[in-house]
Amino acid sequence: MNTLFLSLLIASTLLSLSLSKELCNPQDKQVLLQIKKHFGDPYLLASWKSDTDCCTDWYQVECDSTTNRIISLTVFAGNLSGQIPAAVGDLPYLQNLVFRKLTDITGPVQPAIAKLVHLTSLRLDWLNLTGTVPDFLSQLKNLTFLDLSFNGFSGSIPSSLALLPNLGALHLDRNKLTGSIPESFGTFKGSVPDLYLSHNQLTGEIPASLGNMDFSVIDLSRNKLVGDASMLFGLNKTTNNVYLSRNLFEFNLSNVVFPSTMENLDISHNKIFGSIPPQMTQLPLQSLDVSYNRLCGQIPVGGKLQSFDNSSYFHNRCLCGAPLGNCK
């Protein structure tokens, strides 16, 4: 009986010791408390207390289930002002870093982020960041997702971003970027990312090299791009979504052959001429906008083309047929 009692006592002591032992790595905890102090102990980070366990009690962070090192820092939706501190670069096992939809985060992309070699996802969006999109991001070879949208970045897009071998999505939309689309974006080294470059001030022609890529999604809308965009299409591609509206593109739509997978197409507000190819009746279109161009001829009958209202087609040179008026 005494042996059983002693065994139970030892077991319960070990259990209480294991429960009281903090999981949080002390270096990681120190870095996080520095980050909190840098932002002036904001309410958003109120759960970050020095006497609690960052792995079990703190919001916005996640620890690895085996090593208990911090692998995710997600600071989202709240009042926070200042620059992203260099201390973020001192969380060496970070895989996911998010600062988004915060009231007044300013300054450049923090250079110390270049030290985070395990990063797979970097989201610094809906902030007030400025400066250029930094070249050093191309060193983060494990990145699968990069989002710098809804900021005030200026200057040109670094061509080195095409060297990221695992990139699945690149969001640089809604900034003040200038210059042309890098030629290197026709030579992404690994997977071809979904490419979002809309709402900038990009100029020039689309590099012909982009015709070599099979983008699932490409959004170049609301820039000042000119010339031909037909190389983005092709029967051998698996493209789903192409958004080219509000540019100065000028090419003959009659000659375009679309991927059979095309679901959403917006080429409105350009200088595109020719007619709508009959092949478009075979596409699984969910949305279509060819308005405000220089198209002519009868809208082909069939498929999804008559399911869209006249606003998808109006303000062209001489398009006719349902849903527009009859051809004369």
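Reckoned from all heavy atoms, side chains included, excluding hydrogens, waters and symmetry mates. It should be emphasised that the depicted structure is a prediction, and the values quoted were computed from it without experimental measurement.
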Worksheet entry | Intermediate values then yes/no, side chain to side chain contact (heavy atoms under 4.5 Å, CB included), Y313 and I299 | CA-CA 9 Å; Y313 298 101; I299 298 168; 3.6 Å; yes
Worksheet entry | Any residue meeting ring pair (Phe, Tyr, Trp, His ring centres under 6.0 Å) with H171, in chain and number order, not counting sequence neighbours |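 With neighbours one apart ignored, the set is F145, Y196.
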Can you tell me if [X] and [Y] form a side-chain donor-acceptor pair at under 3.5 Å?
| X | Y | result |
| --- | --- | --- |
| S312 | D289 | no |
| T67 | D64 | yes |
| D104 | S81 | no |
| S216 | N240 | yes |

Could you tabulate the donor-acceptor pairs under 3.5 Å formed by side-chain atoms of residues 157-165, not counting sequence neighbours?
residue, atom, partner, partner atom, Å
S160, OG, D135, OD1, 2.5

ILVMFWY network linking [X] to [Y], side-chain heavy atoms under 4.5 angstrom:
| X | Y | value |
| --- | --- | --- |
| F76 | W58 | no |
| F273 | L232 | no |
| V192 | L197 | yes |
| L33 | L73 | yes |
| I272 | M231 | yes |

Is there side-chain contact between [X] and [Y], with at least one heavy-atom pair below 4.5 Å?
| X | Y | result |
| --- | --- | --- |
| Q279 | L235 | yes |
| L172 | D147 | no |
| E62 | I70 | no |

Looking at every non-hydrogen atom in both residues, tell me the closest pair between [X] and [Y] and how far apart they are.
| X | Y | result |
| --- | --- | --- |
| D28 | P92 | OD1-CD, 4.2 Å |
| Q139 | A114 | OE1-CB, 4.1 Å |
| I84 | H38 | C-NE2, 4.5 Å |
| P193 | A169 | CB-N, 3.8 Å |
| F308 | L288 | CE1-CB, 3.7 Å |
| N96 | L119 | N-CD2, 3.8 Å |

Worksheet item: Just one of L220, L265, D219, D266 clears the side chain to side chain contact (heavy atoms under 4.5 Å, CB included) bar with S245, so which one?
Response: D266
Fill in: side chain to side chain contact (heavy atoms under 4.5 Å, CB included) assessment of Y243 paired with I218
CA-CA 6 Å; Y243 305 102; I218 183 164; over 6 Å; no
If you count heavy atoms of other groups shown closer than 6.0 angstrom to [atom1] of [X], is the number above 12?
| X | atom1 | result |
| --- | --- | --- |
| Y59 | OH | no |
| K141 | NZ | yes |
| F233 | CZ | yes |
| Q201 | CD | yes |
| N252 | CG | yes |

Practice prompt. Taking the two cysteines C63 and C54, decide whether their SG atoms are closer than 2.5 angstrom.
Written response: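 No; the two sulfurs sit 2.5 Å or more apart.
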Item to complete: Check the angle between the aromatic planes of F39 and F99 and answer parallel, tilted or perpendicular using the 30° and 60° thresholds.
Response: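 Tilted, since the angle between the ring planes falls between 30° and 60°.
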Practice prompt. Report yes or no: is the cationic atom of K101 (NZ for Lys, CZ for Arg) under 6.0 Å from the centre of the six-membered ring of W126, at an angle within 45° of the ring normal?
Written response: yes
Item to complete: Rounded to the nearest 0.5 Å, what's the gap from OG on S268 to OH on Y292? Could you check?
Response: 9.5 Å
Discussion item. Distance check, rounded to the nearest 0.5 Å: L148 atom CG versus L122 atom CG?
Written reply: 6.5 Å
Item to complete: Take C320 and C327, measure what disulfide bond (SG atoms under 2.5 Å apart) needs, and give me the verdict at the end.
Response: CA-CA 5 Å; C320 60; C327 296; 1.9 Å; yes
Answer yes or no: is there an ion pair linking [X] with [Y], defined by an N-O contact shorter than 4.0 Å?
| X | Y | answer |
| --- | --- | --- |
| D214 | K237 | no |
| D90 | K115 | yes |
| D51 | K49 | no |

Worksheet entry | Test item: N316 side-chain N/O and N293 main-chain N/O as donor-acceptor pair under 3.5 Å | yes
Worksheet item: Please, which pairs that meet disulfide (SG to SG under 2.5 Å) have at least one residue in residues 270-312, sequence neighbours excluded?
Response: C296-C318
